[in-house]
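Each remark here refers to the structure printed beneath this line.
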Amino acid sequence: MSRVYNFSAGPAVLPEEVLKEAAEEMLDYKGCGMSVMEMSHRSKVYDNIIKEAEADLRELMNIPDNYYVLFLQGGASQQFSAIPMNLMKNKKAGYIITGQWAKKAAAEAKKYGEVIELASSADKNFSYIPDCSDLPITDDMDYVYICENNTIYGTKYKELPNTKGVDLVADVSSCFLSEPVDVSKYALIYGGVQKNVGPAGVVVVIIRKDLVKDDVMPFTPTMLKYKTQADNDSLYNTPPCYNIYICGKVFKWLKKLGGLEKMKELNEEKAKILYDFLDESEMFKGTVEKEDRSLMNVPFVTGDKDLDAKFVKEAAEAGFVNLKGHRTVGGMRASIYNAMPKEGVVKLVEFMREFEKNNK
């Protein structure tokens with residue numbers, strides 16, 4: 001069977017080149033006689049794999065020396081608890097609610113301190129990013145929290161909020177490594193890797209070193225203390241070795257491609273093809289305010305549930321899979337992450353054009 005065009009929001013499409021390389025090394029990694037799945041995380045071979053992955057990520061993102069890079073488990077959702085447990089010194093933080101994930105993160109943080117909702121786009125089903133130029137931020141807030149790209153709703157911050165000097169924390173799970181980023185603007189930036197970087201099971205946390213302390217909430221589990229992980233180079237316990245190895249291969253693929261500037265260019269090109277079609281189509285409509293559109297996740301609807309279902313079914317039969325939208329938006333969603341080739345988007349638009357013609 002030939003490979004389908006996989007528009008899943010995550011776990012998502014991976015670069016074919018990376019999958020082929022991993023397949024070649026499955027039984028014998030670089031002459032060591034075993035798979036990366038089988039080797040000790042304490043071995044010299046694996047130590048090289050994880051250290052090289054970190055070095056490549058630092059180079060790709062131009063991560064300053066005063067930041068730790070941690071490869072952790074528990075997915076992005078576990079960070080909803082770890083962040084307040086480690087960072088809420090005054091037990092007060094500001095959250096900007098632009099979708100399900102920011103909402104869930106805020107609900108979790110409420111267990112540990114006071115959460116101030118600084119702004120929200122819930123009034124229009126999260127179809128836009130609220131104005132964040134003058135938020136009611138106070139000096140006693142420990143941090144301001146955002147979800148930078150909203151996977152479900154297809155919105156993306158084009159400008160970071162004005163935090164008035166308060167530390168910014170960002171969940172970048174669905175836009176991680178899709179474009180250049182100035183890490184120094186964040187106190188902590190993190191992302192689950194299963195959208196743009198690797199197989200589910202790893203979350204990358206990039207955190208300013210001065211925030212990594214023993215001074216955390218007394219009940220913080222040892223595993224959820226950033227200091228535990230930083231002191232042990234992400235090897236306090238057995239990490240998801242194979243998944244980190246795949247992430248490392250994706251970092252090398254990105255470097256070979258030309259880095260994040262080049263990736264952004266390619267992503268803009270792909271997104272433009274799809275958005276241009278949605279803007280001219282009489283049947284399909286995008287659900288997001290134009291100025292807040294994500295390059296990664298593109299939700300769209302026909303306005304007719306039966307027609308949406310027919311489209312998803314026929315698209316899957318034609319090799320375009322995982323296009324069903326999230327229940328809170330309905331319709332369809334095409335996630336066009338880094339590894340989705342331009343050809344996949346071009347062919348999807350051709351299919352949509354044909355579907356529209358046949359279903360008028």
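Positions are given from 1 along the sequence. Only heavy atoms go into these numbers, but all of them, side chains included; no hydrogens, no water, no symmetry mates.
Taking the centre of each ring, Y190 and F176 stay at or above the 6.0 Å mark. Checked against a 6.0 Å centroid threshold, the rings of F320 and F351 count as neighbours. Ring-centre distance between Y245 and Y29: below the 6.0 Å cut-off.
To the nearest 0.5 angstrom, M88 atom CE is 9.5 Å from K91 atom NZ. One distance of note links CG of L211 with CG of D167; it measures 5.5 Å at 0.5 Å rounding.
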| message | Please determine whether salt bridge (charged side-chain N to carboxylate O under 4.0 Å, His left out) holds for the pair R58 and E54, giving the CA-CA distance in whole Å, both sets of side-chain angles, and the decisive distance to 0.1 Å. | response | CA-CA 6 Å; R58 282 185 176 276; E54 180 180 335; 2.9 Å; yes
| said: Using side chain to side chain donor-acceptor pair (under 3.5 Å), reason through D123 and Y128 one step at a time and then give a plain yes or no. | reply: CA-CA 10 Å; D123 61 328; Y128 70 102; 2.7 Å; yes
| field | Criterion side chain to side chain donor-acceptor pair (under 3.5 Å) on E38 and Y242, from CA distance to verdict | value | CA-CA 9 Å; E38 304 168 293; Y242 194 80; over 6 Å; no
| Chi angles and distances behind the side chain to side chain donor-acceptor pair (under 3.5 Å) call for S133, D131 | CA-CA 6 Å; S133 59; D131 178 7; 2.8 Å; yes
| request: Go through S184 and D182 one step at a time and tell me if the side chain to side chain donor-acceptor pair (under 3.5 Å) criterion holds. | output: CA-CA 5 Å; S184 68; D182 182 353; 2.5 Å; yes
| task | I would like to know whether K264 and E268 meet salt bridge (charged side-chain N to carboxylate O under 4.0 Å, His left out); could you show each step before the answer? | result | CA-CA 6 Å; K264 184 186 186 193; E268 285 175 339; 3.7 Å; yes
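With 3.5 Å as the limit, one finds no donor-acceptor pair spanning the side chains of Y143 and N90. Side-chain contact of N297 with S335: a donor-acceptor pair under 3.5 Å is present, judged by distance alone. When only modelled atom types and interatomic distance are considered, S234 and Q229 share no side-chain donor-acceptor pair under 3.5 Å. Using modelled atom types, one finds a donor on one side chain and an acceptor on the other under 3.5 Å when comparing Y153 with T328. A donor-acceptor contact under 3.5 angstrom links the side chains of N359 and K310, judged on distance only. At a cut-off of 3.5 Å, with distance as the only test, a side-chain donor of N267 or N338 sits close to an acceptor on the other residue. For the residue pair T302 and D304, no side-chain donor N or O sits within less than 3.5 Å of a side-chain acceptor on the partner.
No side-chain donor-acceptor contact under 3.5 Å links T155 to the backbone of R293. In this structure a side-chain-to-backbone donor-acceptor pair under 3.5 Å is present from K270 to M340.
At a threshold of 4.0 Å, the pair E343-K347 counts as salt-bridged, since one of the basic side-chain nitrogens sits closer than that to a carboxylate oxygen. Here E17 pairs with K256 in a salt bridge; the nearest charged N to carboxylate O distance falls below 4.0 Å. A salt bridge is absent between D142 and K89; no separation between the charged side-chain nitrogens and carboxylate oxygens falls under 4.0 Å. Of the charged side-chain nitrogens involved, none lies within less than 4.0 Å of a carboxylate oxygen, so that D308 and K324 do not count as a salt-bridged pair. Comment: D279 does not engage K285 in a salt bridge, judged by the lack of any side-chain N to carboxylate O separation of less than 4.0 angstrom.
The shortest heavy-atom contact between N86 and T220 is ND2-CG2, 4.4 Å. In plain terms, the two heavy atoms of V329 and P299 that are nearest each other are CG1-CB, 4.3 Å. When all heavy atoms are compared, the tightest approach of G10 to K195 is CA-CG, 4.4 Å. Between S120 and F126, the shortest heavy-atom contact is OG-CE2, 4.2 Å.
Of the candidates N243, L177, V204, V197 forms a side-chain contact (heavy atoms from CB on, under 4.5 Å) with just one, namely L177.
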